[in-house]
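Okay, structure first, notes after.
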Protein chains: 2
Amino acid sequence: MQLNKESITDAAISLLNAYGLSDMTMRRVAKQLEVAPGALYWHFKNKQELVDATARRILAPLLEPDVQGRVEKRNAQDTCAQLRALMISHRDGAEVVSAALSSPTLRTELETLIAGALDTPDEIGAFTLLHFVVGAVLAEQTQLQLQELTGEEGEKVDFEQRFSTGVQIIIVGLDAIRDIR
Amino acid sequence: MQLNKESITDAAISLLNAYGLSDMTMRRVAKQLEVAPGALYWHFKNKQELVDATARRILAPLLEPDVQGRVEKRNAQDTCAQLRALMISHRDGAEVVSAALSSPTLRTELETLIAGALDTPDEIGAFTLLHFVVGAVLAEQTQLQLQELTGEEGEKVDFEQRFSTGVQIIIVGLDAIRDIR
DNA sequence: ACCTGAACACCGTTCAAGT
DNA sequence: ACCTGAACACCGTTCAAGT
């Protein structure tokens with residue numbers, strides 16, 4: 001079978017879920033595909049591009065239009081919750097998305113998505129929400145896998161509750177500040 | 001001169017500012033100190049520990065008690081602004097702090113600091129602010145150095161304005177939601 | 001106690017050469 | 001057009017041995 005971006009991203013995702021981001025190396029991806037490491041560089045300019053593609057794959061359900069050819073309209077609370085759910089559903093998902101956020105196009109897509117989900121679309125509101133969401137899930141996943149390693153000690157935190165409260169704080173603040181600004 | 005944590009962290013910081021985080025390697029730090037790479041491992045258990053120490057050094061003015069032996073009390077807006085200022089004053093500062101945030105002790109210290117700066121100390125408020133602050137500055141620094149590389153194209157964004165508005169949104173939201181919760 | 005030398009097991013990336 | 005082989009220039013970490 002011929003190599004292409006899709007199959008390479010498939011392999012990357014499977015390595016990610018099996019062993020984590022630090023083991024998602026170009027060489028291991030190549031080995032999984034039974035191909036020389038250099039082969040990947042015909043399809044991706046560098047590793048950053050593969051990480052970007054991996055992040056896009058993780059967020060695909062939110063980014064891609066559905067079968068009817070449109071992205072379903074949701075409210076901001078739901079959009080953020082789904083963003084979190086998608087990142088959580090993959091090992092090191094938030095780390096991958098955070099790394100890919102340096103790509104201006106993905107960042108803009110996500111900001112636009114969130115802005116559109118707000119009652120009153122707002123650039124700064126979307127910016128604030130996006131960076132809270134990614135930061136919070138990053139912290140959540142880091143803490144969880146630290147607990148797994150050290151042996152499960154640590155107060156149980158209701159991450160979902162904490163997350164949605166944070167989102168609500170920002171949404172409420174956004175409404176309250178619009179009059180002042 | 002004998003090696004110790006302080007001198008090693010000094011060298012790490014100077015490499016960071018000169019060449020960025022990706023060039024702050026154990027081997028380069030050792031070379032700068034004219035020492036074998038293995039020597040560092042007598043003082044730091046691994047690289048993560050050195051990164052943690054580097055983050056602490058960057059945030060020292062906020063973390064350490066002043067000459068009078070107490071940390072000065074500030075409001076949340078100022079505390080966040082100083083957090084941003086400290087990260088910005090070092091190359092890849094936000095990336096270093098973000099990486100060190102996986103250390104639970106530093107994370108807790110910062111959350112406590114922010115919580116204490118709020119009118120009504122609030123765990124979730126501190127959590128929300130901290131992750132927004134780090135995420136926002138991370139984005140700011142990434143975008144700025146991308147513009148330097150690609151040659152200065154891109155709409156000018158008033159990062160400071162955007163940042164403080166984001167902080168204000170969260171603080172206002174925090175006040176507004178306390179009654180509801 | 002503190003450091004060197006030398007090795008181990010990796011990385012990302014490039015590029016002539018093959019098909 | 002697409003991939004292999006082989007190299008280049010690195011990494012973090014360990015550890016016997018030295019002082």
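In what follows, every chain begins at residue 1, and chains take the letters A, B, ... in the order their sequences are listed.
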Inset, instruction - Could you tell me whether B/R162 and B/E140 have a side-chain N and a carboxylate O separated by less than 4.0 Å? - result: no
Inset, instruction - Identify the 5'-most and 3'-most nucleotides of DNA chain D with at least one atom closer than 4.0 Å to a non-hydrogen atom of chain A. - result: D/dA1 to D/dA7
Legend entry - Mutual orientation of the aromatic rings belonging to B/F127 and A/F132 [parallel < 30°, tilted 30-60°, perpendicular > 60°]: perpendicular
Inset, instruction - Check whether any side-chain heavy atom of A/L62 lies under 4.5 Å from a side-chain heavy atom of A/Q82, and answer yes or no. - result: yes
Inset, instruction - Look up atom CG in B/D23 and atom CG in B/L15, then write down how far apart they are to the nearest 0.5 Å. - result: 8.0 Å
Inset, instruction - Taking A/R91 for its side chain and A/A18 for its backbone only, find out whether a donor-acceptor pair lies under 3.5 Å. - result: yes
Legend entry - Nearest heavy-atom neighbours spanning A/A12 and A/L50: CB-CD1, 4.1 Å
Inset, instruction - Please figure out whether A/E34 or B/R27 has its closest DNA chain D nucleotide nearer the 5' end. - result: A/E34
Inset, instruction - For DNA chain D, list all stems, counting runs of three or more consecutive pairs where every pair is Watson-Crick or G-U wobble with both distances under 3.5 Å. - result: C:4-8 with D:12-16, C:12-16 with D:4-8
Inset, instruction - On DNA chain C, check which nucleotide each of B/W42 and A/M24 is closest to and give me the residue with the more 5' one. - result: B/W42
Legend entry - With sequence neighbours excluded, residues passing side chain to side chain donor-acceptor pair (under 3.5 Å) with A/D78: none
Legend entry - Span that lies between the P atom of C/dC10 and that of D/dA9, in whole angstrom: 22 Å
Legend entry - B/E49 side chain reached by B/H43 side chain, heavy atoms, under 4.5 Å: no
